[in-house]
There are 2 protein chains.
Amino acid sequence: MKTPAEPLFTPPPTTHNHQQCVHNALKTAETLCVERGVQLTSIRHQVLELIWESHKAVKAYELLDRIKPLQNAAKPATIYRALDFLITQGLIHRVESLNAFVGCRCSGRQHEQLLLICKQCEEVEERTASQVMQALAEEFQRAGFTAHSKAVEVHGLCQRCAGLSSE
Amino acid sequence: MKTPAEPLFTPPPTTHNHQQCVHNALKTAETLCVERGVQLTSIRHQVLELIWESHKAVKAYELLDRIKPLQNAAKPATIYRALDFLITQGLIHRVESLNAFVGCRCSGRQHEQLLLICKQCEEVEERTASQVMQALAEEFQRAGFTAHSKAVEVHGLCQRCAGLSSE
DNA sequence: TAGAATGAGTTATATTATATCATCTGCTCC
DNA sequence: GGAGCAGATGATATAATATAACTCATTCTA
Ligand SMILES: [Zn+2]
Ligand SMILES: [Zn+2]
Ligand SMILES: [Zn+2]
Ligand SMILES: [Zn+2]
């Protein structure tokens with residue numbers, strides 16, 4: 001059985017109702033954590049909310065600065081612990097090539113990811129890209145490699161930014 | 001038309017003449033730098049040599065420690081400058097997910113790369129994986145994305161390590 | 001109530017990377 | 001020869017990212 005070539009989630013449109021976007025993400029997170037019997041504590045929730053403020057990847061120390069008004073005692077460990085939790089629960093992704101973090105749009109399951117990172121507007125678009133993952137799987141087969149994580153990060157220009165710069 | 005399924009270069013065999021391997025890499029680097037009119041200075045050469053000591057990815061500060069006997073004055077900037085140069089010349093790759101550096105086996109041209117990173121033995125195998133890159137290109141098309149860099153890093157177990165652990 | 005599990009506070013430190021300014025070396029141009 | 005330039009390196013400082021180790025509080029439960 002093969003491949004619905006379509007992404008399993010709606011990619012972020014160039015302009016969209018971001019409030020809705022955030023609301024969905026937070027709701028999903030809350031539900032999942034209840035289902036799993038893990039605690040989406042106040043700090044963790046706040047960090048998740050801050051990450052979802054935009055579709056840009058956010059740095060840990062930016063989050064620290066932004067959470068301090070809310071959590072006066074916040075220290076680096078505060079943030080990194082929350083980030084660990086959120087990553088483990090599949091609610092955010094770490095963008096290795098930026099040392100930064102971005103909300104996951106297909107939350108709740110561990111999954112393969114293709115991250116398209118725009119150099120201009122800095123937004124990160126997550127795509128399922130099952131054909132890419134299929135090709136990767138075949139390559140592992142040839143190489144005798146057993147993959148534990150597939151993270152594909154690509155830097156470039158998103159459609160909108162490419163359009164603007166060519167006009 | 002589809003697919004020579006074979007990699008375009010010889011992957012590192014489980015056991016191989018590594019001296020030869022290093023010798024080739026250094027020779028190639030020397031030649032390319034002459035051709036390009038850039039200077040493969042003593043420090044840069046030493047750093048490249050240290051990186052090629054194994055097929056594992058090496059950290060910048062490891063390189064710093066290892067180069068100190070040779071370059072007494074070496075400081076972080078010494079290493080990072082050499083690394084910048086080597087990356088720009090396409091002689092090494094930065095492994096984003098490890099903050100580390102590995103020799104490039106297909107030196108001299110900027111190119112797409114698939115890095116298979118073994119969690120056990122820590123070796124990094126570089127593959128051309130043209131089918132993966134093709135699938136990626138098609139995905140960019142669909143997403144309207146203009147890629148500037150394609151770096152695919154996958155963590156898992158290499159054939160040898162997977163074999164050993166299953167025996 | 002003792003003991004385990006989890007989350008968070010606190011302090012300190014480790015690791016990774018860059019900024020800035022000074023110096024040196026080889027080269028060109030006059 | 002000497003002024004001027006470019007590229008590489010020396011030297012000092014600091015920024016940015018991340019973890020360790022120990023403490024305490026809460027909750028659950030045996
Ligand atoms: Zn949105
Ligand atoms: Zn963009
Ligand atoms: Zn070798
Ligand atoms: Zn291995």
Side-chain angles (χ1 to χ4, degrees), chain A residues 29-30 32-51 56-89 91-102 122 153, chain B residues 29-30 32-51 56-89 91-102 122 153:
Chain A
E30 288 158 17
L32 282 170
C33 288
V34 169
E35 280 174 19
R36 293 173 185 169
V38 296
Q39 303 175 45
L40 187 59
T41 62
S42 164
I43 289 178
R44 291 166 178 176
H45 194 280
Q46 283 166 8
V47 170
L48 184 58
E49 213 166 337
L50 286 172
I51 289 176
K56 300 180 187 182
V58 199
K59 302 266 183 180
Y61 279 71
E62 268 177 62
L63 291 170
L64 181 54
D65 289 340
R66 307 253 297 280
I67 211 174
K68 268 180 180 158
L70 306 170
Q71 293 287 340
N72 199 26
K75 298 276 182 305
T78 315
I79 298 297
Y80 282 105
R81 282 167 181 161
L83 292 171
D84 278 353
F85 172 85
L86 296 170
I87 289 169
T88 301
Q89 296 303 322
L91 300 173
I92 64 172
H93 294 299
R94 183 184 157 84
V95 185
E96 299 289 352
S97 53
L98 297 177
N99 294 330
F101 305 85
V102 72
E122 299 176 358
E153 299 182 6
Chain B
E30 287 157 18
L32 282 171
C33 287
V34 169
E35 281 175 16
R36 293 172 183 170
V38 296
Q39 304 174 45
L40 188 59
T41 61
S42 164
I43 290 179
R44 291 166 179 177
H45 194 279
Q46 283 166 9
V47 170
L48 184 57
E49 213 167 337
L50 286 172
I51 289 176
K56 300 180 186 182
V58 198
K59 302 266 184 180
Y61 279 71
E62 269 177 62
L63 290 169
L64 181 54
D65 288 342
R66 306 253 297 280
I67 211 175
K68 269 181 178 156
L70 306 170
Q71 292 288 339
N72 198 25
K75 298 279 182 307
T78 314
I79 297 297
Y80 282 105
R81 282 169 180 159
L83 291 171
D84 279 352
F85 172 86
L86 295 171
I87 289 170
T88 301
Q89 296 304 321
L91 301 173
I92 63 173
H93 293 299
R94 182 184 156 84
V95 185
E96 300 288 352
S97 54
L98 296 176
N99 295 329
F101 305 85
V102 71
E122 297 176 0
E153 300 181 7

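Numbers restart at 1 for each chain; the letters A, B, ... are given by sequence-line order, proteins then strands.
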Holding to side chain to side chain contact (heavy atoms under 4.5 Å, CB included), I want the full list of residues that pass it with A:S97, two or more places apart in sequence or in another chain.
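Once residues adjacent in sequence are excluded, the partners of A:S97 under the side chain to side chain contact (heavy atoms under 4.5 Å, CB included) criterion are A:V95, A:I117, A:E153, A:H155, B:E96.
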
What's the [atom1]-[atom2] distance between [X] and [N], to the nearest Å?
X: B:K75; N: D:dG10; atom1: NZ; atom2: C1'; value: 8 Å
X: B:Q46; N: D:dT9; atom1: CD; atom2: P; value: 10 Å
X: B:Y80; N: D:dT17; atom1: OH; atom2: C1'; value: 11 Å
X: A:L83; N: D:dT19; atom1: CG; atom2: C1'; value: 13 Å

Report, one line per pair, each donor and acceptor closer than 3.5 Å where one atom sits in a side chain of residues 59-73 of chain B; sequence neighbours left out.
| from | atom 1 | to | atom 2 | distance (Å) |
| --- | --- | --- | --- | --- |
| B:K59 | NZ | B:L98 | O | 2.8 |
| B:R66 | NH2 | B:E53 | OE1 | 2.4 |
| B:Q71 | NE2 | B:Q46 | OE1 | 3.3 |

Would you mind reporting whether [Y] and [X] have side-chain heavy atoms less than 4.5 Å apart?
X: A:V38; Y: A:T88; result: no
X: A:L50; Y: A:V58; result: no
X: A:N99; Y: A:R94; result: yes
X: B:V47; Y: B:I92; result: no

If I take atom CD from residue A:E30 and atom NE2 from residue A:H45, how far apart are they, to the nearest 0.5 angstrom?
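Output value for this atom pair is 4.0 Å.
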
Nearest-0.5 Å distance that lies between atom CG in B:L91 and atom CG in B:L40
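With rounding to 0.5 Å, CG (B:L91) is 7.5 Å from CG (B:L40).
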
Scan the side chains in residues 80-87 of chain B for donor-acceptor partners under 3.5 Å anywhere in the protein, sequence neighbours excluded, and list what turns up.
none

Taking the nucleotide of DNA chain D with the nearest heavy atom to each, does B:N99 or B:A82 sit closer to the 5' end?
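Going by which nucleotide is closer to the 5' end, it is B:A82.
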
Which is more 5' along DNA chain D, the nucleotide nearest A:P76 or the one nearest B:Q39? Just name the residue.
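Looking at the nearest nucleotide for each, B:Q39 comes out on the 5' side.
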
Using chain B heavy atoms and a threshold of under 4.0 Å, write down where along DNA chain C the contacts begin and end, 5' to 3'.
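Listed 5' to 3', the contact boundaries are C:dT16 to C:dT20.
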
Expected output is a numbered-order residue list: members of residues 58-73 of chain B with a heavy atom under 4.0 Å from any atom of DNA chain D. What is it?
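Going residue by residue through residues 58-73 of chain B, the ones with a heavy atom under 4.0 Å of DNA chain D turn out to be B:A73.
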
Mind listing the N/O atom pairs, protein and nucleotides 21-29 of chain D, below 3.5 Å?
| from | atom 1 | to | atom 2 | distance (Å) |
| --- | --- | --- | --- | --- |
| D:dA21 | N6 | A:R81 | NH2 | 3.3 |

